[in-house]
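We use all heavy atoms of the structure for the numbers below, so side chains are in, but hydrogens, waters and symmetry mates are not. The shown structure was predicted, so the numbers you read here are calculated from the model rather than taken from an experiment. Letters A, B, ... are given to chains in the order of the sequence lines, protein chains preceding strands, and every chain is numbered from 1.
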2 protein chains.
Amino acid sequence: MRISDIVTKYIMQALDESNGNAEIQRNELATVIGCVPSQINYVLTSRFTPEQGYIVESRRGGGGYIKITRIKMDKNLVCAHIINSIGEELDNSTCKIMLQNMIDRKTISYNAAKLILSAVSDKAYACVPIELRDYLRAAIFKNMLLTYMNASFY
Amino acid sequence: MRISDIVTKYIMQALDESNGNAEIQRNELATVIGCVPSQINYVLTSRFTPEQGYIVESRRGGGGYIKITRIKMDKNLVCAHIINSIGEELDNSTCKIMLQNMIDRKTISYNAAKLILSAVSDKAYACVPIELRDYLRAAIFKNMLLTYMNASFY
DNA sequence: TCCAATTTGACTTTGATTGACTTTCATTTT
DNA sequence: AAAATGAAAGTCAATCAAAGTCAAATTGGA
């Protein structure tokens, strides 16, 4: 069994035991497992990405930590579906349509949709080369939807 | 729990109990908490800065004191002030501090802050050259705050 | 064999803690 | 009034305690 599989198993288990909300110490976990600390980073970036339904937050310095949250998919299949349907790129008008769709289905409030829209608008992307904008928009939109799903907004 | 977190909790509580106007004695508080006096200074300079909405005044010598005041502003003023304080660039940790500050002052809900944070996180900016990210973040953050101001959320 | 995924560790960055030393102010003494 | 004393708070650099980054080396599977 690969080291990365072992690390993954540990984190999964911690998530199961904490109702999808685990907090670990990188160095401690590395010691327990017997691997190099950066291995934890590798696993987190390769297998606990937003695309895979996880949110990872951390803090450095004394008393630092890494928090891993598993997104709950139950009530938000619509979001999940939309996220899955987004590829690498996303243009602004498709984005609008998706949000309108969510509003129609009562998956999101008008105001929250507005807020999201203001983050994916070309107005805010002036400093970004045009050919990058749709990639950026896709990434931001996915990231926001994931957060939104996980936060049980109304 | 970190010592600095304990100190922060104490001061926050003192502020809540005094309607945003607390007065402490550095050495006394340090003794109560069981830390070195300069720890209080560390906490004050790292978490109770004007940027974060606090004014700290003090006096040395016999009968000295430290006074901490939480600045009160209405939501739009807080937003406007933050928007004005942002220049062309904005790094992620400053962004976090600003949002935390808004949460502390009840200017924004935890979930709305999370949503905004997910749009200004480097995680979503992978496709953008590093040297552009802080410009982009500034633009998006401002845009979102403006939307937020006009929306009377939550 | 070749390529992508994995593994490793040296180095960087961030944040927290401490204590020795300095400055400021009020009170007491001369 | 001036000087001495003591009681605060302030400063700063050293040290410790995490997590992050990156690229070289290795491995394993198609």
Q: Treat primed atoms plus P, OP1 and OP2 as sugar-phosphate and everything else as base, then score nucleotides 25-30 of chain D 5' to 3': B for base contact with protein heavy atoms under 4.0 Å, S for sugar-phosphate contact only, - for none.
A: ------
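- A sub-4.0 Å separation between OP1 or OP2 of dA16(C) and a side-chain N or O of Y42(B) is present.
- With distances taken from any side-chain atom of S4(A) to the nucleotides dT6(C), dA9(D), dA16(C), the minimum falls on dT6(C).
- Taking a cutoff of 4.0 Å between a charged side-chain nitrogen and a carboxylate oxygen, R133(A) and D91(A) do not qualify as a salt bridge.
- For residues 6-52 of chain A, the set of pairs meeting the ring-ring contact (aromatic ring centres under 6.0 Å, His included) definition, not counting sequence neighbours, comprises F48(A)-Y54(A).
- With respect to R59(A) and E23(A), no salt bridge is recorded, no charged nitrogen being found less than 4.0 Å from a carboxylate O.
- Defined by atom type and a distance below 3.5 Å, a donor-acceptor pair is missing between the side-chain atoms of T31(B) and E28(B).
- Here dA19(D) presents its P atom at 19 Å from CG of D122(B), a figure rounded to the nearest Å.
- Among all heavy-atom pairs drawn from M144(A) and L115(B), the shortest one is CE-O, 3.3 Å.
- Taking 4.5 Å as the limit, every side-chain heavy atom of T69(B) sits out of range of all side-chain heavy atoms of V56(B).
- Taking atom CD1 of residue I130(B) and atom C1' of nucleotide dG20(D), one finds them 12 Å apart after rounding to whole Å.
- Applying the salt bridge (Lys or Arg N to Asp or Glu O under 4.0 Å) definition to pairs two or more places apart or across chains, those involving residues 31-55 of chain A are D5(A)-R47(A), E51(A)-K142(A).
- Counting to the nearest Å, the P atom of dT7(C) and the CG atom of L44(A) are 14 Å from each other.
- Checking side-chain atoms of T94(A) against main-chain N and O of L90(A) turns up no donor-acceptor pair under 3.5 Å.
- At the heavy-atom level, G61(A) lies under 4.0 Å from base atoms of the strands shown.
- A donor-acceptor pair is defined here as one N or O able to donate and one able to accept, closer than 3.5 Å; such a pair exists between the side chain of Q25(B) and the backbone of G64(B).
- In this structure, CD1 of I3(A) is placed 13 Å from C1' of dA5(C), rounded to the nearest angstrom.
- In this entry the distance linking CG of N41(A) with P of dT14(C) reads 16 Å, nearest Å.
- T49(B) is not listed as a side-chain neighbour of T45(B), based on a closest heavy-atom distance of 4.5 Å or more.
- The two residues S109(B) and Y148(B) come nearest to each other via the heavy atoms N-OH, 4.3 Å.
- Between dA16(C) and R47(B), a contact under 4.0 Å exists linking OP1 or OP2 to a side-chain N or O.
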Could you run down the sub-3.5 Å N/O contacts of the protein with nucleotides 21-23 of chain C?
from: dT23(C); atom 1: O4'; to: R60(B); atom 2: NH1; distance (Å): 3.3
from: dT23(C); atom 1: O2; to: R60(B); atom 2: NH1; distance (Å): 2.8

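- For DNA chain C, the neighbouring residues in residues 25-40 of chain B, judged by any heavy atom under 4.0 Å, are V36(B), S38(B), Q39(B).
- In terms of heavy atoms, R137(A) sits closest to S121(A) at NH1-C, 4.3 Å.
- Within a heavy-atom distance below 4.0 Å of DNA chain C, no residue of residues 90-100 of chain B is found.
- Here the closest non-hydrogen pair linking A22(A) and L15(A) is N-CD2, 3.8 Å.
- At whole-Å resolution of the value, NZ in K123(B) and C1' in dG20(D) are 13 Å apart.
- Comment: D16(A) engages R70(A) in a salt bridge, judged by a side-chain N to carboxylate O separation of less than 4.0 angstrom.
- For the pair Y65(B) OH and dG10(D) C1', the computed distance is 15 Å after rounding to whole Å.
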